[in-house]
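All figures in this text were calculated on a predicted structure; none of them were measured in a lab. Throughout, protein chains are lettered first and strands after them, A, B, ... in sequence-line order, and every chain is numbered starting at 1.
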2 protein chains.
Amino acid sequence: MKIDELNWKILKCLQNNARMSNAEIGRQVGITSPAVSERIKKMEDAEIIQGYTTFISPFEVGYQLKALITLRAFMGMLKPFLEKVKTYDEVVNCYRITGNENIVMEVVLKNQKHLESFIDQLISFGETKTQIVLSHVVKHSEIKALE
Amino acid sequence: MKIDELNWKILKCLQNNARMSNAEIGRQVGITSPAVSERIKKMEDAEIIQGYTTFISPFEVGYQLKALITLRAFMGMLKPFLEKVKTYDEVVNCYRITGNENIVMEVVLKNQKHLESFIDQLISFGETKTQIVLSHVVKHSEIKALE
DNA sequence: AGTGAAAGTGATATACG
DNA sequence: CGTATATCACTTTCACT
């Protein structure tokens, strides 16, 4: 599916505020709301749009720590881990990566004790490396059109 | 601000689909839409809710590579980098972290050539390590209430 | 903090350029 | 692919609890 300039403008609106009404998007891009609605539906069907979410502040809801945890899985433990990781509430994102290490996870934790117990759950799967997140310098920056 | 059970149910709805109407949320949690609207507004004002966004598939819009790039900044180069990184369209997320390395970025790229030219832009700031993302195992999992 | 009702606005389906 | 219209749903405001 091709994405024309109009669709990029719509995607820009939706990336910046997923709850913007179709009517408001229409005003900003210069078409009527049924046209916006149809274009959005087509992009959803083509899986260009994969969903709409809300950012909530982990800190404000009681998660005092955020960390990146890298896992180097033991022989034969990667596949079991790829299933297990889906069940951890602490894991916000999990990427499988190339290189010596296999997995990077972004996790939210209550406190140091919670971090310790979480890492304890990982040690049966492999060696871990923990990097505490000090600040989120760029947050979910908008994906832009290719030149 | 305290977050009661009702607000957690609202946050669950909004995290799973930011475009759900207040009326529909109300039906699912058992209150009327003006009540939903007021609760959402208070959570926005308290910065518990930090925004609403749309996931778009980088691959579908022409970004064939995703990578995690770690930067170990040269002496005196961290601060300039923290400003510069905001201007890179490739960087979707950027975290400042503890440890030997200072920065981890999630980046989207057109192809290997684009990766090469992007890394070239980083070498004046520090040493980089690149991990290509093979798959996104857990995608923006919902943040849940603490026990 | 939530409800119910009124007025305004938005969404959706259909007919038609 | 888009608009225009009509109908229905949703949002917002406000008086009341």
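- Of the residues in residues 30-37 of chain B, those placing a heavy atom less than 4.0 Å from an atom of DNA chain C are B/I31, B/T32, B/P34, B/A35, in numerical order.
- Although no hydrogens or angles enter the test, the distance criterion places a donor-acceptor pair under 3.5 Å between the side chain of B/R19 and the main chain of A/M20.
- Only at 4.0 angstrom or more do the heavy atoms of residues 44-56 of chain A sit from any atom of DNA chain C, so none qualifies.
- The nearest whole Å value for the distance from the CD atom in A/E38 to the C1' atom in C/dA15 is 14 Å.
- Across the protein-nucleic acid pair, A/I10 atom CD1 and D/dC1 atom C1' stand 12 Å apart, rounded to whole Å.
- If you chain together hydrophobic residues whose side chains sit under 4.5 Å apart, A/I48 and A/I143 fall into the same group.
- Residues from residues 17-25 of chain B lying near DNA chain C, meaning a heavy-atom separation below 4.0 Å, are absent.
- Nearest approach of B/L14 to A/T54, heavy atoms of both residues: O-OG1, 2.8 Å.
- Summarising the geometry, atom CG belonging to A/L115 is positioned 5.5 Å from atom CG belonging to A/L109; distances are rounded to the nearest 0.5 Å.
- Atom-to-atom, NZ of A/K41 to P of D/dC1 comes out at 14 Å; the value is rounded to the nearest Å.
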Before giving the answer on side chain to side chain contact (heavy atoms under 4.5 Å, CB included), spell out for A/Y52 and A/E44 the whole-Å C-alpha distance, their side-chain angles and the decisive distance to 0.1 Å.
CA-CA 11 Å; A/Y52 307 98; A/E44 286 170 350; 2.6 Å; yes
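- One interatomic measurement links the two molecules: CZ of A/R27 to P of C/dT9, which rounds to 9 Å at whole-angstrom precision.
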Would you please test A/M43 and A/I10 for side chain to side chain contact (heavy atoms under 4.5 Å, CB included) and show each step?
CA-CA 10 Å; A/M43 290 193 283; A/I10 293 170; 4.1 Å; yes
What donor-acceptor contacts under 3.5 angstrom involve side-chain atoms of residues 57-73 of chain B, with partners at least two apart or in another chain?
residue, atom, partner, partner atom, Å
B/S57, OG, B/E60, N, 3.2
B/Y63, OH, A/K144, O, 2.8
B/K66, NZ, B/E106, OE2, 3.0

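- Within 6.0 Å of atom NZ in A/K84, 12 or fewer heavy atoms from other residues, nucleotides or ligands are found, so the atom counts as exposed in its surroundings.
- The structure places CG of A/L82 at 9.0 Å from NZ of A/K79, a figure rounded to the nearest 0.5 Å.
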Just list the side-chain donor-acceptor pairs under 3.5 Å for residues 119-137 of chain B, sequence neighbours left out, or say none.
residue, atom, partner, partner atom, Å
B/Q131, NE2, A/E101, OE1, 3.2
B/H136, NE2, A/N93, OD1, 2.8
B/H136, NE2, B/V138, O, 3.2

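- A salt bridge is absent between A/D4 and A/K9: the closest approach of a Lys/Arg side-chain nitrogen to an acidic carboxylate oxygen does not fall below 4.0 angstrom.
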Secondary structure of DNA chain D in dot-bracket form (Watson-Crick or G-U wobble, distances below 3.5 Å, | marking inter-strand pairs)
.||||||||||||||||
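- At a threshold of 4.0 angstrom between heavy atoms, the contacts of A/K42 are confined to the sugar-phosphate backbone, with no base atom among them.
- Under the 30°/60° scheme for interplanar angles, the aromatic rings of B/H140 and A/H140 are found to be tilted.
- The distance from atom CD of A/Q28 to atom SG of A/C13, rounded to the nearest 0.5 Å, is 4.5 Å.
- The interatomic distance linking B/R39 (CZ) with D/dT12 (C1') rounds to 18 Å, in whole Å.
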